[in-house]
Amino acid sequence: MCCFSRKVTSVSATRIFARLLPNNRQALVYSMHLDTPEDVAMILPIPVAAGSGEDAVKFHALDEYPEFFKHLEALFPKPPVTRTARMRAAAGLTKSAPLKVVEVGSFNASFVPTVNDFARLDSQFRLPDDVWAKIGAYSKFGFAVFKLRKGSSKVHPMAFDFPTALEAKLFFPTVHIHDGAVHALAEFDHILYAQPGHDRGVDIHQWEESEALASRDVSIQKAKGLVAGSAHVYKRRMYGKLKNEDVIVAAA
């Protein structure tokens, strides 16, 4: 789920990377272009393992690696554009105590262990309680909260890892709440990148495998080790009006 504490003008070019890590942890890296008239919080529900404490989530500053997703995309060279593809494109047919706050690059971040702990955040950076009542599926989730500044900008990659409650599965927070309401359908402009883990792949349906290992184009050092250089990356595009739900990928 990608939701905002206040109504935003627009969200586009969303990119999400997910990787299974050792010791039942998952890494997530998130970027987008955001246009918002006021300071706002982006809230990402995550399936944390039961009993996880307030220090369960580790945040990583990737402000010095703004090309993170550009380098991931370089692993998927674009095929030559055919005359038919150009014609289709031209025709428009392609589509309690305060919570701990951490400085992560150019923004602040917090981990909210449960829905009830949102009361410990400033009201500007949380959703109304009735929103959570409508989406009870997140009652056992934790929440990564990023406080973003007003204006129109490309948000540098936001990265963290957490103890996951999902065994051998990758979780992508893709449910939309951009206006305080939960809609059955939402407009997607997403590209998902996945590394399911050592010697694992994903169901090839809807996913494309990189032609090379990640280390060919991605700086593993700048990525703080969140990307496995010796493994391939899988990619899925999500564009247009789609069912408003999170994406969960089982490792093959």
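For the single chain, residues carry numbers from 1 onward in sequence order.
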Does the side chain of [Y] come within less than 4.5 Å of [X]'s, by heavy atoms?
{"X": "V29", "Y": "Y193", "value": "no"}
{"X": "P37", "Y": "T9", "value": "yes"}
{"X": "V247", "Y": "I16", "value": "no"}
{"X": "T14", "Y": "F188", "value": "no"}
{"X": "F143", "Y": "D117", "value": "no"}

Heavy-atom pair with the smallest gap, counting every atom of L20 and K169: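 Looking at all heavy atoms of both residues, the closest pair is CD2-O, 3.3 Å.
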Least distance between heavy atoms, F162 atom then V48 atom: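 Shortest heavy-atom contact: CD1-CG1, 4.1 Å.
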Heavy-atom neighbours of N24 CG exceed 12 at 6.0 Å: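 At most 12 heavy atoms, drawn from other residues, nucleotides or ligands, come within 6.0 Å of this atom.
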Quick check: does any side chain N or O of [X] sit under 3.5 Å from a backbone N or O of [Y], one acting as donor and the other as acceptor?
{"X": "N244", "Y": "H176", "answer": "yes"}
{"X": "T36", "Y": "G151", "answer": "no"}
{"X": "Q195", "Y": "H232", "answer": "yes"}
{"X": "D217", "Y": "L72", "answer": "no"}
{"X": "Q26", "Y": "F171", "answer": "yes"}

Listed partners of E211 passing side chain to side chain donor-acceptor pair (under 3.5 Å), at least two apart: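 Partners of E211 under the side chain to side chain donor-acceptor pair (under 3.5 Å) test: R216.
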For residues [X] and [Y]: do they belong to one hydrophobic cluster (side chain heavy atoms under 4.5 Å, members Ile, Leu, Val, Met, Phe, Trp, Tyr)?
{"X": "L185", "Y": "Y239", "answer": "no"}
{"X": "L21", "Y": "V249", "answer": "no"}
{"X": "V227", "Y": "L213", "answer": "no"}

Residues which pass side-chain contact (heavy atoms from CB on, under 4.5 Å) with K70, listed by chain and number, not counting sequence neighbours: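 side-chain contact (heavy atoms from CB on, under 4.5 Å) list for K70, sorted by chain: E67.
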Set of side-chain contact (heavy atoms from CB on, under 4.5 Å) partners for N116, sequence neighbours left out: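 N116: side-chain contact (heavy atoms from CB on, under 4.5 Å) contacts with T114.
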Candidates H156, H60, H71 - the one meeting side-chain hydrogen bond (donor to acceptor under 3.5 Å, both in side chains) with Y65: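 When H156, H60, H71 are each tested with Y65, the side-chain hydrogen bond (donor to acceptor under 3.5 Å, both in side chains) holds only for H71.
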Member of Y30, F146, F111 meeting the ring-ring contact (aromatic ring centres under 6.0 Å, His included) criterion with F59: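 Exactly one option meets the ring-ring contact (aromatic ring centres under 6.0 Å, His included) with F59, and it is F146.
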Pairing residues for K235 by the salt bridge (Lys or Arg N to Asp or Glu O under 4.0 Å) criterion, not counting sequence neighbours: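 For K235 the salt bridge (Lys or Arg N to Asp or Glu O under 4.0 Å) partners, ignoring immediate neighbours, are E73.
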Residues that F17 engages under ring-ring contact (aromatic ring centres under 6.0 Å, His included), provided they are two or more places apart: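 Checked F17 against ring-ring contact (aromatic ring centres under 6.0 Å, His included); matches are F68.
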Salt bridge (Lys or Arg N to Asp or Glu O under 4.0 Å) contacts in which one or both residues fall within residues 14-33, not counting sequence neighbours: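 Listed by first then second residue: R25-D161.
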